[in-house]
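Report on the structure given below.
As the structure is a prediction and not an experimental result, all values here were calculated from the model.
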Amino acid sequence: MPELPEVHTIITDLKPKILGQYFQKITTTHKPAVLATPKTLSKSKGAKITEISRRGKFINIFLNTETVITIHLRMSGRLIIKPKNTSALPFERTTIELSETSIRFCDSRKFGKTWINSLEDYEKNTGIYKLGIEPLTPDFTAQKLADLLSGKKGTIKKHLLDQTKIAGIGNIYADEACFYSNIKPDTEVQNLSTKQITFLHSSIIKALQQGINNRGTSIANYADAYGKTGRNQELLYAYGRGGLPCIRCNTTMIKCRVASRGTVYCPSCQQ
DNA sequence: AACATTCCCTGCCAGC
DNA sequence: TGCTGGCAGGGAATGT
């Protein structure tokens, strides 16, 4: 599933391919997946793409008419660049036609969404305004993480998945960061020491950065803008390894549920 | 206000 | 072989 590193990879690939092109039209076979008004549609039509960037797991394509195309891939979404007027890809739901090429939004589970909004209100209409700190910026310090968790209740994993605190971490990188820092994912945050929070902080960055360096984790659905898989799934210590031996100590990894999510940890390494 | 649960969806796969 | 039930889960909506 696309999390921060996967979205980062897609954007990096898309950017040189679509910058400077003109948005022509959007079509969908699944109406609830596209949220646009006649006004924002007419304002965006024919507009030039000036920038494409990421916020949390959201993709923003900025147009020169003060309009923004926002995409969220959710669980199973992919964005694939294809020549215009070629046959639909498997599970292609939404097609964004540009002047020179097209972007195909393929999404088997139909959870993904595309919005077209004015620059003025895209953050409000998409929920981007609620997002917390970007974990790969200098503002995200160990102290900042400690502040976010201070006085809070609940498990650390729940808070790592909370997009209003830190934007972009999903189930895979939450489990990986907990493994790196030797923290059991169901540890109550009030029981974490300063030392543990500091270790967790560097582990979050390390897990995400490694994902980016390997062009993302391909479990079931993720593919980059060329439809190719990433390599990070080969480098995971926790996610997807329930019942398998811990890579570090050989103890059988435990699979359980934390924060209503499938969760894997090593009962020996993570206390 | 803060927390937990339900829902949206459908491909995939183990088990019968 | 073919069916079925369980699982995957981000985030909005709903419930407590």
By nearest atom, which of the nucleotides C/dG10, B/dT10, C/dA12 is closest to the A/K110 side chain?
B/dT10
Please report, rounded to the nearest Å, how far the C1' atom of C/dG10 is from the CH2 atom of A/W115.
11 Å
C/dG10, OP1 or OP2 - any side-chain N/O from A/H72 closer than 4.0 Å?
no
Is a donor from one side chain sitting under 3.5 angstrom from an acceptor on the other, for A/Y265 and A/Q271?
no
Do the side-chain N or O atoms of A/Y239 get closer than 4.0 angstrom to the phosphate oxygens (OP1, OP2) of C/dG9?
yes
note: A/H159, atom NE2; C/dG10, atom P; distance rounded to Å ~ 16 Å
Give the nucleotide from the list C/dA8, B/dC9, C/dG11 with an atom nearest to the side chain of A/K57.
C/dG11
Side chains of A/T86 and A/R104: donor-acceptor distance under 3.5 Å anywhere?
yes
In whole angstroms, the gap separating P of C/dA8 from CD1 of A/I172 amounts to 13 Å
Tell me: CD1 of A/I156 to P of B/dC3, nearest whole Å?
13 Å
So, is A/K255 close to the C/dA8 phosphate, meaning a side-chain N or O under 4.0 Å from OP1 or OP2?
yes
Ring centres under 6.0 Å, that's the criterion: do A/Y122 and A/F62 meet it?
yes
Compare the aromatic ring of A/F111 with the six-membered base ring of C/dG11 and state whether they stack according to the 5.5 Å and 30° rule.
no
State whether a side-chain donor-acceptor pair under 3.5 Å links A/S118 with A/K43.
no
Is it the case that A/S150 and A/D147 place a side-chain donor and acceptor less than 3.5 Å from each other?
no
Please determine, for the side chain of A/R261, which listed nucleotide (C/dG10, B/dC3, B/dG11) has the closest atom?
C/dG10
Value in whole Å for how far the P atom of C/dG11 lies from CG of A/N171
12 Å
Angle class for the A/H72/A/F58 ring planes (parallel below 30°, perpendicular above 60°, tilted otherwise)?
perpendicular
Using side-chain contact (heavy atoms from CB on, under 4.5 Å) as the criterion, list what pairs up with A/Y180, not counting sequence neighbours.
A/E176, A/S203, A/K206, A/A207, A/Q210, A/Y237
Pull out every residue in residues 162-169 of chain A that has a heavy atom closer than 4.0 Å to any atom of DNA chain C, ordered by number, or say none.
A/Q163
From the list B/dC9, B/dA4, C/dA12, which nucleotide is the closest neighbour of the side chain of A/K158?
B/dA4
Distance criterion of 3.5 Å, no angle test: do you see the side chain of A/R109 paired donor-to-acceptor with the base of C/dA8?
yes
How many whole angstroms separate atom CD of A/Q190 from atom P of B/dC3?
10 Å
When all nucleic acid strands are considered with a 4.0 Å heavy-atom cut-off, which category describes A/K113: base, sugar-phosphate, or nothing?
nothing
Could you work out which one of C/dG11, C/dA8, B/dG11 sits closest to the side chain of A/R257?
C/dA8
Rounded to the Å, how far apart are A/F91 CZ and B/dG11 P?
5 Å
With side-chain contact (heavy atoms from CB on, under 4.5 Å) as the test, would you mind laying out the steps for A/T94 and A/T27 before giving the verdict?
CA-CA 6 Å; A/T94 300; A/T27 54; over 6 Å; no
Rounded interatomic separation in angstrom, taking NZ from A/K153 and P from B/dC3:
8 Å
